[in-house]
Every structure is written in C-alpha cells, then in structure tokens.
Amino acid sequence: MMNTSTKLWGGRFRSELSTETEDFTQSIDVDSRLIPHDIWGSQVHAIMLARQGIISDEDLQQILHWLSKAESDFRDGKFVLKPEKEDVHMNVESYLIEGAGSEYGGKLHTARSRNDQVLVDAHLYIREQLLDTQQGVSHLCRAFLSIAQDHTETVMPGYTHTQHAQPISLGFWATAYVSMFLRDQKRLNAAYQLANLNPLGACALAGTSFSIDRNLTTELLGFDGTHEHALDVISSRDFIAEPLFALTLLMTTLSRLGEEIVYWTTYEFNIATLDDAYATGSSIMPQKKNADIAELTRGRTGKVYAALMDLLTNLKGLPTGYNRDLQEDKPPLWGAFDVVQSCLGILPGLLETLDFNTDRLELLVNANFATATELANFLVSERGLPFRKCHEIVGNIVGGLAKQGKTFEDWAETQELLRSEGIDLSITQLQHILDPKRSLHNNRSRGGTSPAEVKRMVSELGEKLSQIDNQIHLRQEQINTAYQKTLGVTEQVLGGKAIAEVCFN
Ligand code: ARG
C-alpha cells in the first residue's frame, strides 16, 4: 500500500496529519533560535559518519554543501522555517533533501535521532547563553566595585529589620552585592560544566549498531567530554534545571537590589537619586520620577521562578526515555535567560549613574543611635564590664534620650544619663566614641566594614572577577576554535578532499 503522508517520518501513516495536530505539536517559534546550532551539529555528525565509512565522500560533500547553504540562506532570510515541518530539525533535513536529493540528504539522519539531536542544539545554545549571562553578571559587579572604591569612607546606617543598626560604609554595601554575585557566578559555572558534555550518539535512547565515533563529535563540537549513558542522556534534563536554578537565585538577588533602589530613591529615604536616563515619569502627575527599572526587575522575577517550577513539574512524572513533554523544556529556560539578561543589560548603567546623597547618609547615621553598640563595646573594653551589663546601661541611656526626643548628639544629656549609671565621660570622649567614622574604622574584623577591610575585599573580589572573565574568554575561544575546526574540515571536503585525507588540526 502507498503511504500518503508527506512527513519525513510518514512511512507508517496512511493519511496526512490534521492541521490541528500540526499546530498543536510544532515547536518552530521556540526552537528557531537553534538553527545555527542544529546546522553545526549536523555538519559534525555528517563528518563523523563519513570518517567512520558509514556514508561516502560524495554523500558528505553533498550534505556539507547544502548545510552551509542552509546556514547562509537562514542568515539572509531566504530559508524560512515552516511550522508544518514540525521543528527545526525537520526543517533543516527537508531543506537538505530538497536541495541535494534524497539519495544524499536522506543519509544525514543515519545513526541519529531527533532525541539526541535536539539535545545537541540545546546544549550548544545553553553554553552560549550561560557565558553571556556570566559576562552580564561581571559587568554588574564592576559597577558595584567602582561604587565601593569611591565610598570606603562614606558612612551610612546599616539596617537590620529595616531599622538603623550600625554604621557601615556605602562601599561595604556595594561589595556585599559583589560577594553575592560571585556565588551566582559559581552556580552558572557549575551549570556550564554540566551542559558542556556531548549528548550526540545517544540516538533515540539505546545507542546504535553503526560504528559511530562519539569522541570525534565531542571534539568538533568543543565539548569537554561525552555524556555517555544513552538512556540517561535522552531522559534527563538536569542541564536545563541547573541553569534555571542558577538564574532563579540570581534573579532573587537582582530583585532585592531592585527593592533597595526603589525605596532608597523615595522622598522619605532620599539616599540616592536616579539619573534621568534611568527613570520614568507619570502621565498625570507632573512631579513624578519613578524607579521603574528597579520595579520591573522585581516584578519579572516571578517569571523566572515560574520557569523553574514549570520544568520541575514537567520532569517529575516522566518515565525514562524521550517523552514529548520534554519539548516543553525550552520555553521556560529561554524565557528565563531573556529576563535575566535584559535586567543585567540595564542595571550596570543605572548603578554607574546613581547619585548617592552622602550628606543625607551622614545625617541619618547620626540621627538614630546607630553607634549605640560602639558605646557598649567601649564600656566592655575600657571598664571591664560584662557585655550584657553594658548593653543594659546603653539601652537605658537610649531609652532616656528617646523619651525626651533627643539623640546622642545632645551631648550634655547623654553625659548626664551616663553619669546617673555611674559612668563619667567627658563630652570630647563621648564625641570620639560615638563618631560613626571611628566606628567604621574600628570594625576591622575579617569581612567587616572598616575601610581597610573593604579596600582589601575590593581588590580580592576584583581579582576573582578577573579570573572569571578570563575563564569566560577561554570558553568562548574553546567554542570558537571547535567551530572553526568544523568549518575547516567542511572547506577541505568541499574543496574535493576525501575525508581520509582531511587534516583535523
Ligand atoms: N521538538 C522536539 C523537542 O523539542 C524534538 C525531538 C522530537 N522527538 C520526537 N521523538 N518526537 O523535544
């Protein structure tokens, strides 16, 4: 009986798909960004097939010719993907078969399945995206380090419970973010390592009876190694979940930063002013200047969380092997990369142009007993009293002053209250002890807010960032070298060289 389905997989079908089925199952919108990766994967697969004697030199020449043409036609907008071809893989293969004829183009898919093919594409794409994300994080860190460098001596209240706690420097605040983001870099790096393993050769789920060479495809695709176990490869999506989790935590920190920018730029806080280029206005209230970038960063965080939940929920019920549910692994990750990268694209500029109101910070740090712990510490060191006792004494004084609407800077009252607790200090001594700058310099413990520590941390954090930047660069080179090698082999083959004669170095 003749088959009447026009699909490449249509052999057993006796009629065409309904258009509803086509619409429902196609994934063109999602995986069109994988075209260059799909073509690279196919070039490498074909080269390996020929090298192993599974296809002939002539087959390879034809396949590589039409794959190169597919690549340039796609770039020039001349190769338009058709949803009725279902996905990116079928579109490329059909292009090849239409161009080269089935006797050549029909051989590309030997010893391969779309199941490992889609994984190759996704691995290659994720590698690039992770490196771009890491670069964005580095850029943001540099903006924070530059704030830190300029403000190691700028005192401000450090907050706990959003209440004044102890004096810190603005530089200390800025380095805290760099310290956090360096952990994001570690997570992104771990995700990269996991994604940088070659799934090609797992085939549908069971490996293949053809004598394929997985080491060669690993090398030509620039992977660090081969993800060996075929059934595990086909069934697992850790390499999607890990980047998603890394992005989720990164977004959490960006959102918290957004929150801080929102209220630091309020009239009430008035700690910082946004540059006009990074703020927006109101359609009705002429006076408004809003921190929309910070708000949208905060507001888009849910999309990234949802993406992680989307994927985890998808995976939890799946038996081993390929299940079509897995087609849905890509939209959440793509969306999460898009959100995170757009935030990372704009926040460095916002921070670089953020104007900190240092007078206001100094006023605040003096206004509300932020140095109370310093006074207690002084009593411990100088009077040999137990800390708990000193805490109580200073607490009494703060309570007394607050009741009268006074602060430590009402020196006579502070002195008087201390005297009633049996502690005699001159006003000059008091001014010295309760000076926030002194407190800042005193907190010299490792990782503390003293300018000396912050300067040390700025330089160490900067050093770590340079190492990361270097690693990103090396990885980009590793990818590029592998791609160039593939192109080099392709060129030799298209120039008429038999695959056995081709130089791979
Ligand atoms: N579009 C599919 C995906 O993204 C490609 C793999 C299809 N495999 C299959 N057996 N139908 O997962």
Side-chain angles (χ1 to χ4, degrees), residues 5-13 16-42 44-45 70 74 79 81-97 106 108-129 195 198-208 217 221 227 230-241 243-244 307 310-338:
S5 166
T6 52
K7 300 290 174 204
L8 286 179
W9 42 251
R12 68 155 291 168
F13 291 80
E16 282 293 7
L17 273 188
S18 72
T19 44
E20 287 95 325
T21 308
E22 262 177 13
D23 286 348
F24 192 80
T25 53
Q26 63 91 11
S27 57
I28 289 302
D29 295 343
V30 173
D31 56 29
S32 59
R33 37 176 120 181
L34 298 176
I35 275 277
H37 312 88
D38 195 72
I39 292 173
W40 185 13
S42 287
V44 166
H45 180 66
F74 183 74
F79 170 18
L81 303 185
K82 297 186 187 127
E84 63 272 22
K85 298 255 188 256
E86 198 176 318
D87 56 29
V88 71
H89 326 296
M90 292 312 220
N91 268 276
V92 173
E93 201 180 327
S94 299
Y95 178 98
L96 200 66
I97 288 172
L108 172 64
H109 211 51
T110 316
R112 187 176 70 169
S113 157
R114 273 187 295 165
N115 298 351
D116 60 344
Q117 186 179 358
V118 71
L119 286 169
V120 172
D121 299 5
H123 277 67
L124 297 179
Y125 177 72
I126 288 170
R127 277 197 317 202
E128 287 170 12
Q129 293 299 310
N198 183 16
L200 190 60
C203 305
L205 80 166
T208 177
T217 56
L221 291 168
H227 186 164
L231 181 57
D232 169 29
V233 173
I234 295 306
S235 313
S236 304
R237 290 299 180 274
D238 314 23
F239 81 101
I240 306 257
L244 266 179
D310 181 343
L311 180 80
L312 293 176
T313 311
N314 184 335
L315 296 183
K316 74 175 266 295
L318 295 186
T320 48
Y322 179 81
N323 301 277
R324 192 63 181 267
D325 316 46
L326 292 173
Q327 178 166 295
E328 299 306 302
D329 62 354
K330 289 174 276 312
L333 183 58
W334 287 195
F337 273 130
D338 290 350

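Heavy-atom basis, side chains included; hydrogens, waters and symmetry copies ignored. Each ligand, and each atom within it, is numbered from 1 in the order the structure gives.
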- What is the nearest protein non-hydrogen atom to atom 11 (N) of ligand 1, stated with its residue, atom name and distance?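 Among all protein heavy atoms, the one nearest atom 11 (N) of ligand 1 is Arg114 NH2, 3.6 Å.
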- Item | Nearest-neighbour protein heavy atom for atom 7 (C) of ligand 1, which is reported as residue plus atom name and distance |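 For atom 7 (C) of ligand 1, the nearest protein heavy atom comes out as Tyr322 OH, 3.5 Å.
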- Message: Using modelled atom types and a 3.5 Å cut-off, is there a donor and acceptor pairing between side-chain atoms of Lys7 and backbone atoms of Glu84?
- Response: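 At least one qualifying donor-acceptor pair exists.
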- Salt bridge Arg114-Glu93, side-chain N to carboxylate O under 4.0 Å: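 Between Glu93 and Arg114 there is no salt bridge, as every charged N stays at least 4.0 Å from the carboxylate O atoms.
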- Quick one: do Asp121 and Lys330 make a salt bridge, cutoff under 4.0 Å?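 Salt bridge between Asp121 and Lys330, a charged N being under 4.0 Å from a carboxylate O: no.
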- Query: Which bit of His89 is near ligand 1, meaning a heavy atom under 4.0 Å away: side chain, backbone, both or neither?
  - Reply: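 It is the side chain that touches ligand 1; the backbone stays farther off.
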Those atoms of ligand 1 less than 4.0 Å from some heavy atom in [X]:
{"X": "Asp87", "result": "1 (N), 5 (C)"}
{"X": "Ser27", "result": "1 (N)"}
{"X": "Asn115", "result": "8 (N), 9 (C), 10 (N)"}

- Message: Over 60° means perpendicular and under 30° means parallel, so tell me whether Phe79 and Tyr95 are parallel, tilted or perpendicular.
- Response: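 Geometry flag for Tyr95 against Phe79: tilted rings.
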- Query: Taking the inter-plane angle between the rings of Phe239 and His123 on a 0 to 90° scale, is it parallel (under 30°), tilted (30 to 60°) or perpendicular (over 60°)?
  - Reply: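 Taking His123 first and then Phe239, their aromatic rings lie parallel (interplane angle under 30°).
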- Residues forming a side-chain contact (heavy atoms from CB on, under 4.5 Å) with Asn314, sequence neighbours excluded: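 Asn314 satisfies side-chain contact (heavy atoms from CB on, under 4.5 Å) with Leu318, Asp325, Glu328 only.
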- Query: Could an N or O of ligand 1 be found under 3.5 Å from any N or O of Gln327, whether backbone or side chain?
  - Reply: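 Between Gln327 and ligand 1, an N or O pair is found under 3.5 Å apart.
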- Geometric N/O contact Glu86 with ligand 1, under 3.5 angstrom: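 By distance alone, the answer is no.
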- Message: Heavy-atom contact check, 4.0 Å cutoff: does Lys330 meet ligand 1?
- Response: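 For ligand 1, residue contact (heavy atoms, under 4.0 Å) with Lys330 is present.
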- Query: Does the side chain of Glu16 pick up a donor-acceptor pair with the side chain of Thr6 at under 3.5 Å?
  - Reply: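 Yes - a donor-acceptor pair under 3.5 Å links their side chains.
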